[in-house]
K.L.:
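Below is one structure. I have some questions about it.
Values reported hereafter were calculated over all heavy atoms of this structure, with side chains retained and with hydrogens, waters and symmetry mates removed. As the structure lists them, so they are numbered: ligands from 1, and atoms in each ligand from 1.
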Amino acid sequence: MRVLLTNDDGIFAAGLDALRTALADLAEALYVIAPDRERSATGHSITVHRPIRVREACYNDGHCRGWIVDGTPADCVKLGLESLLPETPDLVIAGINLGPNLGTDVLYSGTVSAAMEGLINGVPAIAVSLADHGPVSGEVSFAHAARFVRRLVPLLLRHRETLPAGTLLNINVPAGSPVECRITRLGHLRYANAVTRRTDPRGRDYYWMAGKPFSPDGHDPDTDIGAVRNGYISITPVQFDLTNYTAMETLKTWLVNRSNC
Ligand code: MN
């Protein structure tokens, strides 16, 4: 098994190290390609208006090759599959992200987008997030999330033919030591007071986006948000086909009634 690891928290993130350690003896080849700094919430952006610089990352365990990229998570996977890697991996794993990637937040997520980039290029992928921001200072443990990935990876590779094409698994592991998982759908996340306006020391306005998340359907245990809230590991199959097939039929009825279509 050949695995490409990436993330959006940057090459030095503890969550990436936890994955690398957990999979070291499971994968016959383990490659790491990650951004040189945190690139959280950069979504699926790619770098096309400037050159991208790459440096090799050296690990002293001798088991793994790595590259540090001054680009986005999607850049990392694109570069890996098209140029850096000596072989096509069997799996792309993005994470372990520090913080949840739930519901509509997957659209902002660099972690999920990195996995999606693998999928777009025909490589099965999973995105893994620790649904916990941890203490303001101090260590966060990724150990149980990493152990779960270690158990899931052989299962995914064994059954991947049965998974519909163009589908990745978005996994969120709550804090604590959850043992049970739920198969879920993406919930809906919104942010209250998302934009704060302040004044800088030179008297000019600036804006800071943060806000308090709330979910109109987070009480539903079938959503990823509901599952994590109830202490379960959430696994959501996510596809890159955003087409609304029901709406296609509705649109066709509009156009049938127009003489010029
Ligand atoms: Mn992140």
K.L.:
Taking NZ, NE, NH1 and NH2 as the nitrogens, is one of them in Asp105 or Arg190 under 4.0 Å from a carboxylate oxygen of the other?
P.N.:
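Not counted as a salt bridge, because no side-chain N and carboxylate O are separated by less than 4.0 Å.
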K.L.:
Of all the N, O or S atoms in Asp8, which has the shortest distance to the Mn ion (ligand 1)?
P.N.:
OD1
K.L.:
Where the Mn ion (ligand 1) is the corner point, what angle links OG of Ser40 with OD1 of Asn97, to 10°?
P.N.:
180°
K.L.:
State whether Arg150 and Asp25 are salt-bridged, where the test is any N-O pair (Lys NZ or Arg NE/NH1/NH2 against Asp/Glu carboxylate O) under 4.0 Å.
P.N.:
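Salt bridge: yes.
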K.L.:
Asp9: which N/O/S atom is nearest the Mn ion (ligand 1)?
P.N.:
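Going by distance to the Mn ion (ligand 1), the closest N, O or S atom in Asp9 is OD1.
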K.L.:
Less than 4.5 Å apart, side chain to side chain, heavy atoms only: is that true for Trp67 and Val32?
P.N.:
no
K.L.:
What I want to check is whether the side chains of Thr184 and Thr223 have a donor and an acceptor closer together than 3.5 Å.
P.N.:
no
